[in-house]
Amino acid sequence: MSLPVCVGLGWRPETAWLIDNRPRAAFSEVIAENIDPRRPPRALAEVIERGLVVVTHGIGLSLGGAEPPDRGRIRRLAAVAKTLRSPLVSEHVAFARAGRLEPGHFLPVAHTRAQLALLVDHVRRVADALPVPLALENIAAPLVWPGERIAEAELLGELVERTGAQLLLDVANLRANALNHGDDPLAFVDALPLARVAYLHAAGGARVDAMWRDTHAHPIDAAGLALLGAVLARTGPRPILVERDRAFGTRAALEAELDAVERVLAGAPPVASVERMTPRLALPPFDRRAIAAAQAALVRTVIDPEGAPPPGFSALQLEETRAILRGKHPR
Amino acid sequence: MSPLDLSGPDFLVLWFWGAFAVAGLTLVVRRIVRGRREGAEQLATELGPYDLAYLEGGIERALEAAIVGLHHRGAIDVVNGKIVVMQRDIAVDAEGVFRGIPGPDRLPPIERLVVDHGDESVREVLSRARSLNAGFAARALSNGLVIANRTRARLLVALPGIAWIAFGVAKAAVGIARDRPTGFLVLLLAFAVLAVAFGSRVPRRTLRGDAVLAAAKRRSYGLEATAKTAKTQLTSEDAALAYGLFGHTTLAGLALLLVMPSYQQSLLVATNSAARDGGACGSASGCGGGSGCSGGGGGGGGGCGGCS
């Protein structure tokens with residue numbers, strides 16, 4: 001079953017009533033780690049019974065981490081997807097832990113062939129264990145690995161074409177990377193195998209301290225909607241999931257935001273399907289220990305600013321990453 | 001041979017098995033008295049929040065739901081544990097019903113009552129609200145949601161049991177007249193009276209009323225979740241409906257809860273229970289009658305949070 005082409009809103013208890021009463025928001029998404037597969041929230045179970053299509057969105061697999069994704073976590077993700085009758089599971093191209101170190105936020109993977117090879121291995125393991133297709137999301141990177149060798153879009157394209165996974169294209173994350181690192185979001189999109197895009201994320205953000213943050217706590221502004229429209233002009237109409245995790249405001253305001261996104265979607269012209277991309281990079285065998293050491297060094301410096309940072313990272317970006325973690329996990 | 005001429009032990013065996021037949025007949029009569037369920041799903045979408053609140057918990061729940069709705073739109077406030085009316089000339093809530101049902105064209109009488117007398121104690125307002133009970137009851141009756149005459153209904157349900165007890169009393173009388181031992185039969189008759197008294201109780205709602213309430217709650221689980229976590233997402237009518245259906249748990253932690261008569265009663269019950277048991281009661285919120293259990297697991301809240 002594919003997702004309905006419409007604008008949905010992430011399901012939270014805070015948004016449950018709005019979703020119940022907005023039938024044209026025919027699909028939604030739930031954070032898998034917040035759901036007990038044996039006993040989902042009855043409000044969610046009831047709306048699924050009435051026909052809402054729900055994507056299971058994971059945040060805990062750490063696909064880009066040096067260690068293979070934990071089998072227990074994969075099983076749990078599969079169980080949630082089964083309970084929620086999800087046609088799709090999505091996760092992030094990132095790492096969330098390095099050994100026993102957990103920064104509490106996604107960190108970007110290095111854009112190298114070795115990292116790509118590792119990701120291919122991990123995504124295949126997860127995809128084989130899931131009952132439904134897997135979609136991979138691009139993240140908003142608070143920092144950039146020094147000496148990047150592959151463009152992120154190329155890494156994602158190679159990853160999905162080699163594994164059969166789909167893409168969850170997060171437009172808000174594209175914007176954050178454009179504003180913070182000078183990336184060209186439309187060139188990024190043009191380099192992707194667009195036939196693989198299963199759905200889009202859209203969310204509001206704000207400038208906090210030195211950088212733009214994809215906060216999920218602000219309405220999508222005009223620039224964000226314009227970027228969304230430009231992306232849709234390349235992908236064609238796609239299901240769009242609006243993310244809001246905090247500061248929900250009034251229902252009228254949230255509905256107005258969804259209406260605005262619907263207008264952008266309605267204006268998206270159909271696009272002829274694009275030929276699939278052929279993987280072209282030769283992938284080396286990956287060295288887990290080397291990747292683990294590099295990731296651990298990064299996480300240590302993010303958690304403990306007193307230690308010597310690994311060479312090549314921007315001090316500003318490291319400090320910004322620490323600020324994000326402090327905001328998420330205030331001490 | 002008349003059953004009354006059976007020996008004592010034989011009669012007891014007959015009377016004992018008769019109890020099962022009586023129980024079955026009682027259930028059938030209760031089922032008939034409580035009516036049918038047809039049309040419940042549709043009706044659940046048509047009733048307003050105060051009629052649904054009345055169905056859940058009578059005039060007290062309807063009044064408390066009105067207090068919640070008015071508080072939500074700032075018409076009243078709670079100061080030092082008492083209601084203070086902030087807006088007497090309150091207009092009909094233009095937000096209307098989010099569920100798509102047309103809003104009222106004038107302030108519902110129960111809201112009018114709170115606004116006009118809200119500066120009195122809530123117990124006094126509740127006393128006044130009983131004058132609206134007839135209107136609520138009439139609508140509930142016309143929709144087949146409550147039993148018209150519970151005393152008569154209870155009598156009907158009790159009839160098989162009464163007949164069974166009468167049969168036993170007749171045998172006891174025969175036994176006494178014949179100077180036979182009847183002590184055990186008399187003891188059983190005492191238990192039988194208690195069993196019939198308990199078993200003949202008839203709920204206030206018909207089966208249709210139960211089904212309408214269950215359907216309304218099922219359709220409103222999302223409302224319950226949002227009422228507990230993001231009240232800014234609700235209209236005042238949503239807030240009233242959430243309280244009307246799910247009770248205290250939708251107000252947990254708010255000063256408003258403390259003025260509700262049902263919550264005060266639940267605190268009293270909890271306090272008396274704790275005093276009797278010599279230990280602390282658990283959380284007082286949700287001890288009150290009719291407050292909905294949130295049910296379900298796993299919350300579902302939070303998100304990947306983006307980059308905050």
Side-chain angles (χ1 to χ4, degrees), chain A residues 10-21 30-31 33-47 49-50 57-59 80 92 105-106 139-140 142 172-173 176 203-205 208 211-217 243-246 248-254 320 324 327-328, chain B residues 41 44-45 49 72-74 93-101 103 214-246 249-250 252 292-308:
Chain A
W11 195 94
R12 313 277 184 271
E14 294 89 344
T15 59
W17 189 225
L18 188 155
I19 291 171
D20 276 0
N21 289 279
V30 167
I31 303 295
E33 284 72 8
N34 291 339
I35 301 296
D36 178 347
R38 295 162 304 177
R39 219 170 154 233
R42 62 185 182 182
L44 179 59
E46 184 60 29
V47 76
E49 203 58 45
R50 292 205 297 270
H57 188 60
I59 59 172
V80 172
H92 302 79
H105 187 67
F106 296 127
I139 68 163
N173 290 346
V208 180
M211 295 174 80
W212 179 270
R213 294 194 196 169
D214 168 38
T215 60
H216 298 184
E243 298 182 283
R244 183 68 75 91
D245 296 332
R246 295 178 296 124
F248 296 89
T250 65
R251 188 170 57 220
L254 198 42
E320 172 62 12
I324 291 171
K328 280 193 142 179
Chain B
E41 285 288 339
T45 67
H72 188 84
R73 58 206 239 232
D93 185 357
E95 282 182 293
V97 184
F98 184 48
R99 292 175 297 144
I101 305 168
K217 285 184 176 178
R218 215 167 37 245
R219 297 175 68 86
S220 303
Y221 288 148
L223 174 61
E224 181 192 21
T226 302
K228 290 178 180 177
T229 53
K231 285 183 169 48
T232 55
Q233 284 285 305
L234 306 183
T235 64
S236 58
E237 187 154 331
D238 290 335
L241 178 62
Y243 185 87
L245 291 177
F246 302 108
T249 57
T250 61
C293 167
S294 63
C304 65
C307 295
S308 57

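Since the model is a prediction, treat every value here as computed from it, not as a measurement. Chain letters run A, B, ... following the sequence lines, proteins first and then strands; every chain starts at 1.
- Closest approach of B/Ala225 to A/Ala43, counting heavy atoms only: CB-CB, 4.4 Å.
- The closest side-chain heavy-atom distance from B/Thr235 to A/Arg251 is below 4.5 Å.
- Across B/Gly222, B/Ala242, B/Ala230, the residue that shares the most heavy-atom pairs under 4.5 angstrom with chain A is B/Gly222.
- Within the model, atoms CZ of A/Phe248 and OG1 of B/Thr226 stand 9.0 Å from one another, a figure rounded to the nearest 0.5 Å.
- Here the side chains of B/Gln233 and A/Leu254 are in contact, with some heavy-atom distance below 4.5 Å.
- No option in A/Glu46, A/Arg50, A/Glu49 other than A/Glu46 meets the side-chain contact (heavy atoms from CB on, under 4.5 Å) test with B/Arg218.
- A donor-acceptor pair under 3.5 Å is absent between the side-chain atoms of A/Thr250 and the main chain of B/Thr232, judged by distance alone.
- B/Leu234 contributes atom CG, which lies 9.0 Å from atom CH2 of A/Trp17 (distance to the nearest 0.5 angstrom).
- For the atom pair CZ of B/Arg219 and CG of A/Asn21, the computed distance is 8.5 Å after rounding to the nearest 0.5 Å.
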